[in-house]
Amino acid sequence: MRHKLYTGSFAWIIQRVSGVLLALFLTLHLYFMKNINGPLGYQSIAGMMKNPLIKFGETILLMVAAAHTLNGIRIVLLEAGAPTRFQKPLFYLAALGIVVLSITGAYSLLGGRI
Amino acid sequence: MKGILTWLFQRIAGVILISGLAAHFTVMHFSGSGRLGGFSAELVSTPCFNAVFLASAIYHGFYGLWGIAVEYIQSKNLLKTVQALLFSISALLLTAWLAA
Amino acid sequence: MEQYILKIKRFDPEKDRKPRWEKFRIEMEFTDRVLDGFIKIKDAIDGSLTFRRSCAHGICGSCAVKINGKSGLACQTIIKDVPPGEIVIEPLPAFPVIKDLVVDIEPFFGKNREAMPYLINNEPPPELERLQSPEEQEKILQSITCIMCGCCASSCPSYWADKEYMGPSALLKAYRFIMDSRDRALEERMNSIAKPHGLWRCHSIYNCVEVCPKEIDITSHIAKLKRLAVKKKLSGFFKG
Ligand code: SF4
Ligand code: SF4
Ligand code: FES
C-alpha cells in the first residue's frame with residue numbers, strides 16, 4: 001500500500017510536475033526564439049500563433065504557470081514564517097486561484113473577450 | 001554552510017518572475033489590442049528588464065532541475081554529469097540571449 | 001469483542017525471496033491498540049511474527065509501523081480509530097526490512113548523529129548545573145519531545161527519494177540544540193545542516209507533521225532553521 005498522500009504532498013507533486021514542464025518549455029522557447037531571424041521568420045511565427053493547436057498549447061501553458069506561481073507563493077509564505085495551521089487553507093486558496101486564472105485565461109486566449 | 005544563497009535566490013527569482021511574467025504575458029498577448037498603456041509596453045522592452053527577467057527565469061528553472069537531480073540521482077558520477085549538463089545548457093542560453 | 005482482520009506484510013530473510021502478505025483473523029476490543037493485535041497473533045496464532053516494542057505506551061518509539069498507509073505507533077493507534085474492515089500493516093517505508101515488521105533503523109540513527117545530538121559547551125561548568133530559564137526552555141520544548149520513532153522520515157517524499165537526506169527528525173534534533181541557550185556550537189551545527197542533503201531537501205510537504213505521534217510541528221522548525229541560515233549568511237556579509 002502506498003503511503004498516504006496529504007494536502008501538502010499534492011501541492012508538492014503539482015509543483016514538481018509543473019516546474020519540470022515549465023523548465024522544458026523555457027528551454028525550448030528560448031532555443032527556438034533565438035533561431036528565428038528576420039521578418040520572414042517572424043511572420044511564420046506570427047502565423048503559427050494563430051494555429052488552434054498552438055492556442056490550445058498556450059492555454060495549457062497558462063494553467064501550468066498559474067499552478068506553479070500560486071503554489072510557489074504558498075511555499076514562500078510558509079517558509080517565511082506563515083504558521084502550519086495555514087498550510088491547508090493556503091493550498092485551497094491557491095487551488096481556487098488556479099481554477100479562476102485558468103478559466104479566465106482560457107476564455108481570453110481562445111478568442112473570447114473579458 | 002552551503003547552498004544558502006542559491007536557495008534564497010531561488011525564492012527571489014521566483015518573486016521577480018511573478019511580476020515579470022504578468023508584464024510579459026500582457027504585453028505579448030494584448031499589446032496589439034490597444035488595451036495596454038504605452039508605459040508598461042516600454043518598460044517590458046527595456047534591455048535591463050529583459051536581462052533581469054531572462055536571468056531569473058533561467059536561474060529559477062535550472063536550480064529547480066538541479067535540486068531534483070540531487071534528490072533522485074543516487075550515483076555520484078551520473079549526478080555530476082547531469083549537473084554539468086544543466087549548468088552548460090543554462091549558461092549557453094543565457095549568453096546567447098544576453099549577447100544579442 | 002469483535003472480529004478484525006490484520007493483513008500483515010511479512011518477510012523472513014531465511015525463507016522468503018520477497019515480502020508476502022498474510023491475513024490474521026483475531027478477536028479484539030475496540031479499545032485495543034494495534035500492538036495488542038500483534039501480541040495476540042504472536043501468542044496464539046503464529047509465534048514467528050516479528051515486531052519491535054518495549055514501552056507499549058508511546059514513549060520509546062520502537063513500535064513504529066505503517067498502518068493503513070500511514071506511519072504511526074502500533075501502541076498508540078486504537079482499533080476504533082482505524083476504518084473498519086481490514087487493517088493493513090507494513091514495515092516503515094524507506095527503511096531496509098530485517099524481518100517482518102522490524103526494520104534497520106541504523107541509517108536513520110546515523111543521520112541523527114550527523115546533527116550532533118548532544119550539548120556542546122566548552123565553558124567551565126558552574127557549581128551546580130547550566131541553568132535555563134523557563135522562557136528559554138519554551139523555545140525548544142516541542143523539539144525535545146521527539147521520541148526518535150522514525151515515522152516522520154519514513155513518510156517524507158524527499159527522504160524516500162534521497163538516500164542521503166538527513167530527514168525531518170535529524171533536522172529537528174539540530175534545531176533542539178541550536179536553539180538551546182546552553183549550547184555553544186552554532187557554527188558547527190549550521191555547517192552540519194546547511195548542505196545539499198540537509199535543509200534544502202525539505203520542500204515543506206508537511207507529511208512529517210501529519211504522521212508525528214508526538215504532534216510536533218516539524219516543518220515550521222525546519223523553516224525556522226532555513227531562515228536562521230539565511231540570516232547568518234547575510235549578517236556575515238555585512239560584517240565583512
Ligand atoms: S519528530 Fe515525531 S515522528 Fe519524527 S522521530 Fe520524532 S517523534 Fe517520531
Ligand atoms: S516538511 Fe520537509 S521534512 Fe517534512 S515531510 Fe516535508 S520535505 Fe520532509
Ligand atoms: S512500544 Fe514504545 S512507543 Fe510503542
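Lettering of chains follows the sequences in order, A, B, ..., and the numbering in each one begins at 1.
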So which part of [X] gets closer than 4.5 Å to some heavy atom of chain B, the side chain, the backbone, both or neither?
{"X": "Ile75(A)", "value": "side chain"}
{"X": "Gln15(A)", "value": "neither"}
{"X": "Leu30(A)", "value": "both"}

Next on the checklist: Would you say that Leu101(A) contacts Leu70(A) through its side chain, given a criterion of any heavy-atom pair below 4.5 Å between the two side chains?
Outcome noted: yes
Checklist entry - Is any side-chain heavy atom of His29(A) less than 4.5 Å from a side-chain heavy atom of Leu26(A)? => result no
[X] and [Y]: which non-hydrogen atoms are nearest, and at how many Å?
{"X": "Gly20(B)", "Y": "Phe53(B)", "result": "C-CE1, 3.5 Å"}
{"X": "Ser56(B)", "Y": "Ala13(B)", "result": "O-CB, 3.9 Å"}
{"X": "Leu98(B)", "Y": "Ala51(B)", "result": "CD2-CB, 3.8 Å"}

Contact origin within [X] toward chain A - heavy atom pairs under 4.5 Å:
{"X": "Ile58(B)", "value": "both"}
{"X": "Glu71(B)", "value": "side chain"}
{"X": "Ile89(B)", "value": "side chain"}

